[in-house]
J.: 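What follows is a structure written as structure tokens; I'll ask about it next.
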Amino acid sequence: MVRNNMTVRVRFAPSPTGFLHIGSVRTALYNWLFARHNKGRFILRIEDTDEVRSTDESLNAILEGMRWLGLEWDEGPEIGGDYGPYFQMQRLDIYTKYAEQLIKEDKAYCCYCTPEELATRREEAVKQKRPPKYDGRCRKLTEDKKKEYEKQGRKHVVRFKMPASGKTKINDLVRGAIEFDNAVLDDFVLLKSNGTPIYNFANVIDDSLMQISHIIRGDDHISNTPRQIVLYEALGFKLPEFAHVPMIHGADGGRLSKRHGATAVSQYHEEGYLPESLRNYLALLGWSTSDSQQIFSLEEMIEKFSLDGCGKSAAVFDAQKLVWMNGEYIRKIDIDRLVELSVPYLEKAGLLKRPIRYESLKKIIALEQEKMKLISDVPKLVDFFLLDDVEFDEKAVNKVLKKDHVLNVLEVMKERLTDLNDKDFKAEQLEKLTRDTAEELNLKAGQVFHPIRVSVSGRTTGPGLFEMMEVLGKEKVLVRIERTLREKVNL
RNA sequence: GGCCCCAUCGUCUAAAGGUUAGGACACAUCUCUUUCAAGGAUGCGAUAGGGGUUCAAUUCCCCUUGGGGCCGCCA
């Protein structure tokens, strides 16, 4: 896989024209994993040549998203590197230089066709069911004609002279050989009329100058590859390896878009996903090991990742599985980290208005850890611990509190719990006391457990009853049982 | 319209000519249990269709069908 003793250098080259898309970041992840696996370098390059759509906000979203997922880059924005600058808009003179070289070598030429003219011709071609490619009419412009156009104030772009015959072959690392007829390709634009380069041009120059060894990208770029290869050859550059990985699709088989759910990495962050679960899930969308392992530590993932393990067909994004995986990871993370991650959600829900000891909060969250699928689940899972007045769930009331024996059970339990020492208000003792009580009252354990659970938490589901009571504390438990007793009369 | 890519359970995938076609998510049932989860067990469920090649095709080849991509002074 690694050519000779050459260092592996891969890159992720997003354009800052929107949020960080889940599909892009999956490609970034593969590049990152490939670099780490091969002890190579991972470069981040910003392709900001679309002056109209590029924004700083988008740049920040990219950097933030990458860092959140742990995809730190070895060269690129904010850290620099030996092959910079890493923003294409700061490399314009480089592109100009190579464009001039190509023109001088008669491999490129100036084209004076206006965008309007091109659009009209394109429409016409589509209407007549012809391929909408540029007809190359400016290839053989006379000097006089050029001068005339200039005088008219026409701007020009620089176009590449695509060879009219021959074949261009890709040896794709994941797909094998792919062949294109040069004749189907047209004279594509290298430099726009404002002097900025077009993707195919800037990309080739930068990848070459930055000594990228492997280009790992989405398979939507397969069709661009022959153009780029021809350019590499025209410029006398050494060809990198290509690896086109499948795209991510939505449930309907189409391109993943907003109507399928969240597509921005930041949104997964906000919705309470852990970076490690998103990373793990994304890695598995298009890559797998032969034993179909599902959960990988970062080290394991780096060790086992390979392009051979990448599939060829598009993968449908399955939010359900991501949720499952997030639950798996939440159950495993350190409780202090879980508390830290939970706090913003609790604050937002208004559950931390009164001061609470860190240790108490930690105990509360620990009791619900195994149940959480998303960090954002926290508020509704723990609210009854933090609220003064517990709201009774209607179904719980009907199902549990309206039974005849409940009044008696609560009365007896209230007395016994009152008699219990503060320091004996521990899960173990509470369980013994409750079970003994049930036996004395000639009731099944559940007939005693359930009413207490509902009166103390307002609902039928929750953590272990006695752990929950211990964390709640004697005072709160008694207040709530008394209140239930009071309200029970009206039920 | 031209060119290119892809095709195994609903979904992610394994099986690099010979397997009762395996695993994971989801779903269902059972189990554990004070509840809900988690866990354990079991079940449901696939090689798109048609031709070849071969003693043998999920696997190799061709066609069809279906899906996707590119054909911008976007990337």
Side-chain angles (χ1 to χ4, degrees), chain A residues 13-15 17 47-50 52-54 111 113-115 118-119 122 125-134 155-159 170 172 175 178-181 183-186 188-194 196-200 202-203 218-227 244 246-247 249 251-255 281 284-295 308 311-325 327-328 331 368 370-373 381 396 400 431 434-435 438 444-450 452-454 457 459-466:
Chain A
S15 64
T17 53
E47 310 216 328
D48 53 356
T49 55
D50 185 339
V52 184
R53 294 189 299 156
S54 295
C111 165
C113 298
T114 65
L118 294 168
R122 216 175 354 253
V126 171
K127 209 180 287 172
Q128 293 173 19
K129 308 207 173 203
R130 282 186 291 113
K133 50 182 261 193
Y134 179 66
K155 304 247 192 217
H156 70 267
V157 300
V158 176
R159 282 186 187 272
I170 310 174
D172 195 282
R175 279 154 215 277
I178 306 171
E179 212 175 56
F180 291 84
D181 254 316
V184 306
L185 274 14
D186 66 356
F188 58 96
V189 172
L190 262 22
L191 248 35
K192 305 174 207 171
S193 59
N194 67 0
T196 58
I198 229 57
Y199 162 75
N200 278 317
N203 208 255
D219 68 15
D220 49 337
H221 287 293
I222 290 179
S223 306
N224 281 318
T225 311
R227 290 177 245 277
H244 289 96
M247 306 191 61
H249 282 182
D252 59 0
R255 210 178 182 139
Y281 176 71
L284 252 21
L285 229 41
W287 169 75
S288 64
T289 54
S290 53
D291 59 358
S292 286
Q293 181 177 344
Q294 301 293 311
I295 306 285
D308 294 336
K312 301 177 184 180
S313 51
V316 173
F317 190 90
D318 179 9
Q320 227 172 9
K321 186 162 180 179
L322 209 210
V323 169
W324 163 76
M325 196 170 273
E328 290 285 310
R331 260 171 260 132
E368 298 285 9
E370 60 177 18
K371 225 161 298 189
M372 292 168 57
K373 299 260 193 246
L381 249 19
V400 178
E431 177 160 6
T434 311
R435 285 191 189 279
K444 278 189 275 181
Q447 288 177 295
V448 179
F449 291 1
H450 297 315
I452 297 178
R453 173 181 293 284
V454 172
S457 71
R459 47 204 188 214
T460 55
T461 65
L465 177 59
F466 307 106

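Residue numbers begin at 1 in each chain, while the letters A, B, ... track the order of the sequences.
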J.: Counting only Watson-Crick pairs (N1-N3 plus N6-O4 or O6-N4) and G-U wobbles (N1-O2, O6-N3), all under 3.5 Å, who is the partner of B:A15?
T.: none
J.: Considering Watson-Crick and G-U wobble pairs with both distances under 3.5 Å, what does B:U42 pair with?
T.: B:A28
J.: Suppose you measure atom P in B:G17 against the same atom in B:C12; what distance do you get, rounded to whole Å?
T.: 24 Å
J.: Within the 4.0 Å heavy-atom criterion, would you say A:Q294 contacts the bases, only the backbone, or no part of the nucleic acid?
T.: base
J.: If we take the P atom in both B:A24 and B:A41, what is their distance in whole Å?
T.: 9 Å
J.: Looking across every strand, which nucleic acid part, if any, lies under 4.0 Å from A:T49 by heavy atom: base, sugar-phosphate, or nothing?
T.: sugar-phosphate
J.: Closer to the 5' end of RNA chain B via nearest nucleotide, is it A:M247 or A:R53?
T.: A:M247
J.: Taking only the P atom of each, what is the distance from B:C70 to B:C62 in whole angstrom?
T.: 25 Å
J.: Pick the nucleotide of RNA chain B nearest each of A:G464 and A:S193; which residue has the one closer to the 5' end?
T.: A:G464
J.: Could you go through A:L465 and A:I452, starting from their C-alpha distance and side-chain angles, then the distance that decides it, and tell me whether this counts as side-chain contact (heavy atoms from CB on, under 4.5 Å)?
T.: CA-CA 8 Å; A:L465 177 59; A:I452 297 178; 4.2 Å; yes
J.: When the distance from CG of A:N194 to P of B:C74 is rounded to whole Å, what number comes out?
T.: 8 Å
J.: Can you check the distance between B:G72 and B:G45, where both ends of the measurement are the P atom (answer in whole Å)?
T.: 49 Å
J.: Begin from the C-alpha positions of A:T49 and A:Y199 and carry the test side-chain contact (heavy atoms from CB on, under 4.5 Å) through to its verdict.
T.: CA-CA 8 Å; A:T49 55; A:Y199 162 75; over 6 Å; no
J.: Measuring only the C1' atom in each nucleotide, how far is B:C9 from B:C44? A whole number of Å is fine.
T.: 10 Å
J.: Base, sugar-phosphate alone, or nothing: which one does A:D186 contact when heavy atoms must sit under 4.0 Å apart?
T.: sugar-phosphate
J.: Suppose you measure atom P in B:G52 against the same atom in B:A14; what distance do you get, rounded to whole Å?
T.: 30 Å
J.: Are A:D219 and A:K312 close enough for a salt bridge, meaning some N to O gap below 4.0 Å?
T.: no
J.: What's the separation between atom CG in A:N203 and atom CD1 in A:I198, rounded to the nearest 0.5 Å?
T.: 11.5 Å
J.: To the nearest 0.5 Å, what is the distance between NZ (A:K133) and CZ (A:R122)?
T.: 14.0 Å
J.: With rounding to the closest Å, how many angstrom separate the C1' atoms on B:U33 and B:C25?
T.: 25 Å
J.: Determine the Euclidean distance between corresponding P atoms of B:A75 and B:A16; express it in Å to zero decimal places.
T.: 43 Å
J.: Just name whichever nucleotide pairs with B:C3, Watson-Crick or G-U, keeping both distances under 3.5 Å, else none.
T.: B:G69
